[in-house]
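Just so you know, residue 1 is the first one in the sequence shown, and it goes up from there.
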Amino acid sequence: MAAPFTEDWIKINDLFIRYAAGVDQGDVAAINDCFTDTAVIESQAMGRFTGRAGVMEFATRNAEFKKKSGAQLRHVVSNLRVQVDGNRARAFCYLLDFMTREGKTELLSPGEYDCDLVKIGGEWRFERRTVVMDTPFKIAGL
């Protein structure tokens with residue numbers, strides 16, 4: 001795999017940001033749009049989800065948690081590293097995961113996204129998105 005062309009890097013960076021914003025806003029459609037039909041999501045906090053139905057379950061659980069708990073999540077991504085091979089890519093980035101609830105903000109844990117991507121119709125999508133937190137945690141109700 002090689003370093004990406006600027007256009008691919010920008011589109012992949014945008015994918016990570018759209019995903020993080022979708023989770024933080026409880027936007028199920030935005031999250032769903034970031035993944036392929038055969039995607040796999042692996043999260044130490046939430047478990048493993050596969051295929052379109054799994055992505056929808058993951059996105060819906062996040063949205064319902066936000067609505068019911070009154071929590072505001074902030075996923076801050078940085079230090080994106082990308083390797084591209086045609087219409088496939090491997091990407092990593094750092095993650096800071098904050099939660100604000102009842103006037104208190106806490107850093108849940110720093111971590112990293114490890115992802116396989118595929119370019120479909122000129123747009124990058126997650127085929128596999130794994131999050132590895134430095135300190136695993138669970139959130140009640142999520």
Side-chain angles (χ1 to χ4, degrees), residues 1-101 103-139 141-142:
M1 290 197 172
F5 291 108
T6 302
E7 181 180 341
D8 284 326
W9 189 93
I10 290 169
K11 285 185 173 186
I12 291 169
N13 185 67
D14 181 64
L15 173 65
F16 276 84
I17 292 169
R18 286 186 296 112
Y19 167 77
V23 171
D24 294 344
Q25 295 165 0
D27 188 337
V28 173
I31 295 168
N32 190 46
D33 190 48
C34 292
F35 290 87
T36 68
D37 289 340
T38 58
V40 175
I41 299 172
E42 295 179 272
S43 165
Q44 291 170 311
M46 293 184 60
R48 181 181 169 95
F49 302 84
T50 59
R52 183 61 58 201
V55 171
M56 289 299 292
E57 179 186 351
F58 172 86
T60 300
R61 278 179 52 190
N62 273 290
E64 288 175 356
F65 170 76
K66 178 178 172 39
K67 188 175 183 179
K68 289 178 183 175
S69 71
Q72 178 59 60
L73 297 171
R74 298 284 183 212
H75 291 74
V76 180
V77 294
S78 67
N79 298 46
L80 180 64
R81 291 132 20 238
V82 178
Q83 297 175 319
V84 174
D85 185 8
N87 287 338
R88 303 194 63 76
R90 183 88 186 264
F92 303 87
C93 74
Y94 292 157
L95 166 67
L96 295 175
D97 199 0
F98 296 92
M99 182 171 63
T100 301
R101 187 168 26 184
K104 181 182 176 197
T105 300
E106 64 179 312
L107 172 62
L108 299 174
S109 175
E112 183 172 55
Y113 285 135
D114 173 355
C115 305
D116 292 325
L117 310 169
V118 63
K119 192 186 231 181
I120 301 170
E123 297 298 322
W124 288 99
R125 301 282 185 262
F126 293 115
E127 186 172 54
R128 180 188 57 82
R129 199 234 4 112
T130 301
V131 61
V132 178
M133 304 310 289
D134 294 351
T135 304
F137 63 88
K138 297 281 185 189
I139 300 174
L142 189 60

To the nearest 0.5 Å, what is the distance between [atom1] on [X] and [atom2] on [Y]?
{"X": "Met46", "Y": "Glu57", "atom1": "CE", "atom2": "CD", "answer": "7.5 Å"}
{"X": "Asp24", "Y": "Tyr19", "atom1": "CG", "atom2": "OH", "answer": "9.5 Å"}
{"X": "Trp124", "Y": "Leu117", "atom1": "CH2", "atom2": "CG", "answer": "6.5 Å"}
{"X": "Gln83", "Y": "Ile12", "atom1": "CD", "atom2": "CD1", "answer": "10.5 Å"}
{"X": "Ile31", "Y": "Arg18", "atom1": "CD1", "atom2": "CZ", "answer": "11.5 Å"}
{"X": "Leu96", "Y": "Met133", "atom1": "CG", "atom2": "CE", "answer": "8.0 Å"}

Considering all heavy atoms of both residues, which atom of [X] and which atom of [Y] are nearest to each other, and what is their separation?
{"X": "Gln44", "Y": "Pro136", "value": "NE2-CG, 3.9 Å"}
{"X": "Val131", "Y": "Ser43", "value": "CG1-CA, 3.6 Å"}
{"X": "Pro110", "Y": "Leu107", "value": "CD-CD2, 4.1 Å"}
{"X": "Thr36", "Y": "Glu127", "value": "OG1-CA, 3.9 Å"}
{"X": "Cys115", "Y": "Arg129", "value": "SG-CG, 3.3 Å"}
{"X": "Gly22", "Y": "Ala30", "value": "CA-CB, 4.3 Å"}

Heavy-atom check, side chain of [X] versus side chain of [Y], under 4.5 Å:
{"X": "Gln72", "Y": "Thr105", "result": "no"}
{"X": "Val82", "Y": "Asp8", "result": "no"}
{"X": "Phe58", "Y": "Arg48", "result": "no"}

By side chain to side chain donor-acceptor pair (under 3.5 Å) - contacts of Asp114 (at least two apart): Arg90, Arg128
With a 3.5 Å distance limit and no angle check, can you tell me whether [X] reaches the backbone of [Y] through a side-chain donor-acceptor pair?
{"X": "Arg52", "Y": "Phe35", "answer": "yes"}
{"X": "Arg101", "Y": "Gly70", "answer": "no"}
{"X": "Arg81", "Y": "Asn79", "answer": "yes"}
{"X": "Lys67", "Y": "Gly26", "answer": "no"}

Should Phe126 and Phe16 be marked as a ring pair (Phe, Tyr, Trp, His ring centres under 6.0 Å) after you check the CA-CA gap, both sets of side-chain angles, and the distance that decides it? CA-CA 9 Å; Phe126 293 115; Phe16 276 84; 5.1 Å; yes
I would like to know whether Asp33 and Arg125 meet side-chain contact (heavy atoms from CB on, under 4.5 Å); could you show each step before the answer? CA-CA 8 Å; Asp33 190 48; Arg125 301 282 185 262; 3.6 Å; yes
In this structure, are over 12 heavy atoms from other groups packed under 6.0 Å from Phe98 atom CZ? yes
For Glu7, I'd like to know if atom CD has over 12 heavy atoms of other residues, nucleotides or ligands within 6.0 Å. no
